**Student:** 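The structure that follows is given in the form of C-alpha cells.
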Amino acid sequence: MITAQGLTKKFGSVLAIDNTSFDIASGEFVFLIGRSGSGKTTLIRLLLRDLAIDSGTLIIDETDVTKIPNSKLALYRRNIGVVFQDFKLLTDRNVQENVALPLQLRNIKTVDTDSAVKAALETVGLSDKRELFPAQLSGGETQRVAIARAIVAQPKLILADEPTGNLDPATAKSILKLLRQIHEELKTTVIMATHNAGLVDHSSLRVITLESGKLVKDTQKGKYE
Amino acid sequence: MNNNPITTALARMRRSPYQAMAAISIMAVTLFLACAFFVVSAGGQEILKYFESRPQLNAFFKSDLVPTPLQIETLKSKLLGTGLVISVKYISKEDAFNIYRDLNKSDPLLLEAVTSGMLPASLEISATNPRDLKNISEMLKTESGIEDVRFEEDVVSSLTHWTNSIRLIGLVAVGIHIVITFLVILLIIGLKLASRKEEIGLMRLVGATFGYIAAPFVWEGIFYGIFGALVAWGTVYLIILYSMGFLLSLLSGIPILPPPILFMFEVLGGTMGLGVVIGAIGGWLAVLRFLKQ
C-alpha cells in the first residue's frame, strides 16, 4: 500500500523528515508517535502531498506520489480520508453538508450522496444530528462528523493527525474505537499520529516512532515510549 | 445541499452587501464610461458618414451661362473617369431657384430679392475620399465655363479629427478605469478569499480542484459585471432620453436621433460582455493569486 524510501523534507535548514523509509501494508492500522516537532504532522502532510517531497520516493497504491503533477493533486487526494486535530468542519454548513463535501467534489448524484452520507453518519452514530451545525455539537461529536466526512467516499487510506488531541480521555477512547471499527469493517488502512500514550499502549497495534524527523523505532504491537 | 457555484456566488453577495455594492459601483462607473464612449463614438461616426454622403463639392457655372447637355455630359464623364468621384448631379438655374425658395420660404424679403435667372447652374459632386476634394476642385477650376468651386473639406476633416480625438481619449480613459476596476475586484474577492482561508484550505485537502474552488468567485465577478453593465447602460440611455430635445436642436438635420432600439441593445450586449470579462478574469486572478500564496 505505502512504500517510503529515503523520504526527506527540509524547511530551510531544518530537517523535518530525515531520510525515512518504511512500508505499510494494505489494511494496516499504524500509530505514528513522537514528541512535538518530531515530524509526525510533516509526514502526514507528505503522504497527503500537502507538502512537496524534497528527496526520496513515496509510492502509495502503485502511484509515485513525488511525480504527481499539481493539476492531478486534487484527484489523488480524493482517495484519502483525512481527520484533523482541530476538526476543520465548515461552520456555515450543517452536519449532512459537511459530510457530503468529498462527494460533492466528485459531482456524485444527490441521491447517491444522500445515501452515502446517511451510511457514514450511521457508522459514527450521529444519524440524529444531521441537521445540526458544528457550533451545536460537542468536541467528540464534531470529531465524529470529521471521521464521517473522511470515510464517506470509502477511501483506501485514512490519515488522522492527532484526532484525539482536543478531546477528553473518554471521548478520545471512543474516537479510537470508532477508527478501529472502521478499519476492521471497511478494511481501510489507517495511519494515526498521536501523543496519547494510553491509547497506543492499550491497542497492541504497530507503532512507528519518529524523533527529530528520523524513524527510530518500528514495532508490531508497540508501546508508547 | 447547495453545490451550485451560481447560487453560492449570489448567496455570498447577499451576505456581504456593502462589498458587493462597492464592486458593482466601480464596475458601473467603468462600464458607464465605456458605454458612453461607444455611443458617442458611434454617433460621431454616423455624423461623419452623413457629411461624407452629402454632395461635398459644388462647381458653379458662370451666372450668364446655360450649359448645353453635351457640355454637362462631357464634364460628368471627365469627372467620373478620374475614379475620384462617386456621383455628379447637374443643378439647373431653375433647380437652384427652387432649392433657394424651399430654403427661404419663411422669409418673403429674401424670396423677393432673387429671381429665377440670377442663380447660377451648378454641379453637385460627391468624392470617393474627402482628401481628394482639393484635386477635384483644382481640376474643375481649369474648366471653361466654371466660375467658382466650393467644398466642405474643412467640415469633414475637422469632424474626422474630432472623432479620432474622442476615440483616443475615450480608449485611454476606459483603459485606465478597466485597470482600476480589475484591482478593486481583485481586492474585494481577495478579501472574501482571505475570510474563507480555512474553508479553502480544507477543500484543497479533501480533493477540490482549482475550478471547484474558483467557480463561485468567478461567478461573483461575472455578476458584478452584469449588474454594473445594467446600471451603466440604463444611466447612458436615460441621459440620452433626457437630453433628446437639446441634442435634436444641436444636430438639426442630421438623422441619428433617437438611437435605434436594436443599436442600444447591441450596446447593452457589448457593455455586459466587457463587464463579464473584467469580472470573470478579476475573480479568476484573485483565486489564482490566493492559492499560489
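Note that the coordinates shown come from a computational prediction; the quantities given were computed from them, not determined experimentally. A, B, ... follow the sequence lines: proteins, then strands. Residue 1 opens every chain.
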**Student:** Can you list every pair that meets ring-ring contact (aromatic ring centres under 6.0 Å, His included) and has a residue in residues 16-43 of chain B, with sequence neighbours left out?
**Tutor:**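 Checked against ring-ring contact (aromatic ring centres under 6.0 Å, His included) - neighbours excluded - no pair reaches residues 16-43 of chain B.
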
**Student:** Given that the side chain runs from C-beta out, which part of A:Arg45 has a heavy atom under 4.5 Å from chain B: side chain, backbone, both or neither?
**Tutor:**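 Contact with chain B involves no heavy atom of A:Arg45 at all.
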
**Student:** With a sphere of 6.0 Å drawn around CZ of B:Phe265, does it hold more than 12 non-hydrogen atoms of other residues, nucleotides or ligands?
**Tutor:**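 Not buried by this count: 12 neighbours or fewer within 6.0 Å.
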
**Student:** Side-chain contact test, heavy atoms from C-beta onward, threshold under 4.5 Å: evaluate it for B:Arg15 versus A:Asp92 and give yes or no.
**Tutor:**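 B:Arg15 reaches A:Asp92 side chain to side chain.
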
**Student:** Considering only heavy atoms from C-beta outward, does the side chain of A:Gln104 approach that of B:Met203 to under 4.5 Å?
**Tutor:**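 No, side chains not in contact.
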
**Student:** Taking side chain as C-beta onward, heavy atoms only, is B:Thr209 less than 4.5 Å from A:Arg78?
**Tutor:**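 B:Thr209 vs A:Arg78: side chains touch.
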
**Student:** Taking the side chain as everything from C-beta on, heavy atoms only, tell me whether B:Leu202 gets closer than 4.5 Å to A:Leu101.
**Tutor:**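 When only atoms from C-beta onward are counted, A:Leu101 and B:Leu202 do touch, with a gap below 4.5 Å.
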
**Student:** If I measure from the heavy atoms of chain A, does B:Arg204 come under 4.5 Å with its side chain, its backbone, both, or neither?
**Tutor:**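 Contact with chain A is through both the backbone and side chain of B:Arg204.
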
**Student:** Can you tell me if A:Arg106 has over 12 outside heavy atoms packed within less than 6.0 Å of its CZ?
**Tutor:**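 Check passes, neighbour count above 12.
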
**Student:** Can you see which heavy atom on A:Ala74 is nearest to which on B:Ala208, and at what distance?
**Tutor:**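 Heavy atoms only, the tightest pair is CB-O, 3.6 Å.
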
**Student:** Which residues satisfy the ring pair (Phe, Tyr, Trp, His ring centres under 6.0 Å) test with B:His177, sequence neighbours excluded?
**Tutor:**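 Partners of B:His177 under the ring pair (Phe, Tyr, Trp, His ring centres under 6.0 Å) test: none.
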
**Student:** Atom CD in B:Glu198, atom OG1 in A:Thr91: separation rounded to 0.5 Å?
**Tutor:**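 Between B:Glu198 CD and A:Thr91 OG1, I get 9.5 Å after rounding to 0.5 Å.
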
**Student:** Measure the shortest side-chain to side-chain distance between B:Leu205 and A:Phe84 over non-hydrogen atoms and say whether it is less than 4.5 angstrom.
**Tutor:**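 The answer is yes, as the side chains (C-beta and beyond) meet within the 4.5 Å cut-off.
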
**Student:** Taking atom CD of A:Gln154 as the centre, does the number of heavy atoms from other residues, nucleotides or ligands within less than 6.0 Å exceed 12?
**Tutor:**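 Incorrect, the count does not exceed 12.
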
